[in-house]
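In listed order, ligands and their atoms are each counted from 1.
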Amino acid sequence: MDYTIAVLAGDGIGPEVTAEALKVLAAVGERFGHRFATQQGLIGGIAIDSTGSALPEETVALCKSSDAVLLGAVGGPKWDNPDANVRPEQGLLGIRKALGLYANLRPVSIHPALIDSSPLKADRLAGVDMLVVRELTGGSYFGEKRRERGERGEWASDLCIYHQHEIERIVRAAGELARGRRKKLTLVDKANVMETSRLWRSLTTRIVKEEFADLSFDVMLVDACAMHLIRRPADFDVIVTENMFGDILTDEASMLAGSMGMLPSASLGTGKMGLYEPIHGSAPDIAGQGKANPLATILSSAMLLRHSLGLEEAARAIESAVYATVEAGIVTGDIAKPGQTPVGTSVVGDAVVARLAM
Ligand code: NAD
């Protein structure tokens, strides 16, 4: 089968890690008889430099005409001025909106070979296998923003707003995902102080009762969740939560796995189209040095095959090849254990490709 994939490499280590994912996609295509036609588009800082916009029209058109999108990362010190009118993150927010993507899936599991890379004690990590489903289009990141000067100096506000349909669609998506896993759903909110959270809680409780009675369901305040993610992470299965809570909790959860360089993500809407990217940023501190861990992006390409193209067997083959590479100790510095010699980005990519051919 032939599929088209738009590739938005972006800034910093984005081009380095997406290049490795593309090698892996070509290899898995070869093994299973699929052809992935890939086409590069501009996004983020590099797009600002060449077109003046963080998300040129051509990029949106390219993505819309593709089966799925693979993204590296955007941003960097060159474009860091928060007062600038055009900023790299506008590309990210813009493409999610243009493609109607509202559910961000971030799986966190820990391969036994990586337990020592985590700052947590090994006994806390056994059995960790969770999926955080973060709402992507609402909340304070998208509500009205104001900054003014009053009699007592400056003031600012970010309106946190959620509509019923935004909550219902993501709760249903999370419920379906929980059904395919260990059948446990946790809503994370701040219903003791926030009205938006109270709306989330009442709608979620009703939907679970009416449509997902087969799931075990609980609610947790976000501050308690931050604590339990460290205290008893293996107890979580599927977490569903609003945009900002999800943003913060998933970075925290990433440390369970030892490095942000290991964690993939998928952003999905109602159809098959999705955008797949590592959870990390453009890592300007290591960009251009061949040190970046490409595995989060390679695992994102596996999610792409699974969720957008329906190629489960090929997705699993990539995941197995990634874990075999880690088990063989062919790893970058972020996950190397004491005594292991770190290798470069492309050596890791080549090792995954070699294991796909085995
Ligand atoms: P970051 O994720 O880029 O880096 C945080 C730390 O993790 C750094 O020390 C970095 O070297 C390390 N790291 C990240 N990815 C790694 C990998 N694959 N391999 C090895 N080490 C890795 O976060 P930051 O430093 O806060 O942000 C840098 C830039 O990225 C900023 O401009 C920020 O706005 C942007 N950013 C973009 C995205 C995105 O594109 N989705 C997400 C977060 C941050």
Side-chain angles (χ1 to χ4, degrees), residues 7-21 24 41-49 54-55 59 69-84 86-97 101 104-106 114 117-119 134 136 141 243-244 246-267 274-301 303 322 325-326 330-336 340 342-349 352:
V7 181
L8 313 182
D11 308 313
I13 61 169
E16 300 169 44
V17 291
T18 46
E20 300 312 312
V24 169
L42 293 174
I43 194 166
I46 187 171
I48 295 174
D49 286 354
L55 184 65
T59 299
V69 182
L70 182 69
L71 190 139
V74 300
K78 185 173 174 195
W79 309 279
D80 255 359
N81 177 6
D83 295 326
V86 188
R87 295 187 309 279
E89 318 83 74
Q90 291 166 342
L92 269 188
L93 301 183
I95 193 66
R96 288 170 183 161
K97 192 164 180 205
L101 309 175
N104 186 227
L105 276 51
R106 296 185 170 194
L114 284 179
S117 307
S118 171
R134 166 189 169 196
L136 216 47
Y141 290 8
N243 203 344
M244 185 167 77
D247 191 8
I248 297 168
L249 291 176
T250 45
D251 265 24
E252 183 192 352
S254 75
M255 286 323 290
L256 300 171
S259 168
M260 294 211 282
M262 285 306 296
L263 294 185
S265 81
S267 298
L275 183 146
Y276 301 84
E277 57 181 318
I279 75 151
H280 60 71
S282 59
D285 52 336
I286 56 166
Q289 300 173 31
K291 289 182 181 169
N293 185 347
L295 294 180
T297 314
I298 292 172
L299 289 169
S300 300
S301 72
M303 290 188 86
V322 163
T325 301
V326 169
I330 305 170
V331 292
T332 43
D334 55 315
I335 53 170
Q340 261 175 353
V343 298
T345 309
S346 62
V347 177
V348 173
V352 176

Give the residue, atom name and distance (to 0.1 Å) of the protein heavy atom nearest [atom].
{"atom": "atom 32 (O) of ligand 1", "answer": "Gly76 N, 3.1 Å"}
{"atom": "atom 43 (C) of ligand 1", "answer": "Gly281 CA, 3.6 Å"}
{"atom": "atom 28 (C) of ligand 1", "answer": "Pro284 CD, 3.4 Å"}
{"atom": "atom 29 (C) of ligand 1", "answer": "Ser282 OG, 3.2 Å"}
{"atom": "atom 37 (C) of ligand 1", "answer": "Val74 O, 3.1 Å"}

[X] to ligand 1, any heavy atom closer than 4.0 Å:
{"X": "Ala296", "value": "no"}
{"X": "Ile286", "value": "yes"}
{"X": "Val17", "value": "no"}

Is [X] reaching over with its side chain to a backbone N or O of [Y], donor-acceptor style, under 3.5 angstrom?
{"X": "Ser118", "Y": "Leu256", "result": "yes"}
{"X": "Glu277", "Y": "Ser265", "result": "no"}
{"X": "Asp11", "Y": "Gly76", "result": "no"}
{"X": "Thr59", "Y": "Leu42", "result": "yes"}
{"X": "Thr345", "Y": "Gly290", "result": "yes"}

Going by a strict under-4.0 Å cutoff (protein heavy atoms only), does [atom] have a neighbour on the protein?
{"atom": "atom 34 (O) of ligand 1", "result": "no"}
{"atom": "atom 21 (N) of ligand 1", "result": "yes"}
{"atom": "atom 25 (O) of ligand 1", "result": "no"}

Item to check | Intermediate values then yes/no, salt bridge (charged side-chain N to carboxylate O under 4.0 Å, His left out), Lys78 and Asp49 | outcome: CA-CA 10 Å; Lys78 185 173 174 195; Asp49 286 354; 2.6 Å; yes
Item to check | Atom of Ser259, atom of Ile335 and distance for their closest heavy-atom approach | outcome: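 Heavy atoms only, the tightest pair is CB-CG2, 3.7 Å.
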Checklist entry - At their closest point, which heavy atom of Met303 faces which heavy atom of Ala266, and how far apart are they? => result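 Minimum heavy-atom separation between Met303 and Ala266: CE-CB, 3.7 Å.
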Compile the donor-acceptor pairs under 3.5 Å between side chains in residues 278-285 and protein atoms, sequence neighbours left out, one pair per line.
residue, atom, partner, partner atom, Å
Ser282, OG, Gly75, O, 2.8

Checklist entry - Does the N or O separation between Asn293 and ligand 1 drop below 3.5 Å for any pair? => result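 N/O-N/O distance under 3.5 Å: yes.
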Checklist entry - Just heavy atoms, cut-off under 4.0 Å: does Leu92 contact ligand 1 by side chain, backbone, both, or neither? => result side chain
Checklist entry - Which is it for His280 and ligand 1 at heavy atoms under 4.0 Å: side chain, backbone, both or neither? => result both
Taking only heavy atoms of [X] into account, list the atoms of ligand 1 that are under 4.0 Å away from them.
{"X": "Ala292", "result": "19 (N)"}
{"X": "Gly261", "result": "17 (C), 18 (N)"}
{"X": "Ala73", "result": "40 (O)"}
{"X": "Gly75", "result": "32 (O)"}
{"X": "Ala283", "result": "3 (O), 10 (C), 11 (O), 14 (C)"}

I want to confirm something. Looking only at heavy atoms, which of [options] is nearest to [atom]?
{"atom": "atom 9 (O) of ligand 1", "options": "Ile335, Asp285, Thr345", "answer": "Asp285"}
{"atom": "atom 5 (C) of ligand 1", "options": "Glu277, Gln289, Met260, Glu89", "answer": "Met260"}
{"atom": "atom 16 (C) of ligand 1", "options": "Leu295, Thr297, Asp11, Ile13", "answer": "Ile13"}

Is any side-chain heavy atom of [Y] closer than 4.5 Å to one of [X]?
{"X": "Leu55", "Y": "Ile43", "answer": "yes"}
{"X": "Val74", "Y": "Gln90", "answer": "no"}
{"X": "Thr297", "Y": "Glu20", "answer": "no"}

Next on the checklist: Just checking Leu136: does its CG atom have more than 12 heavy atoms from other residues, nucleotides or ligands closer to it than 6.0 angstrom?
Outcome noted: yes
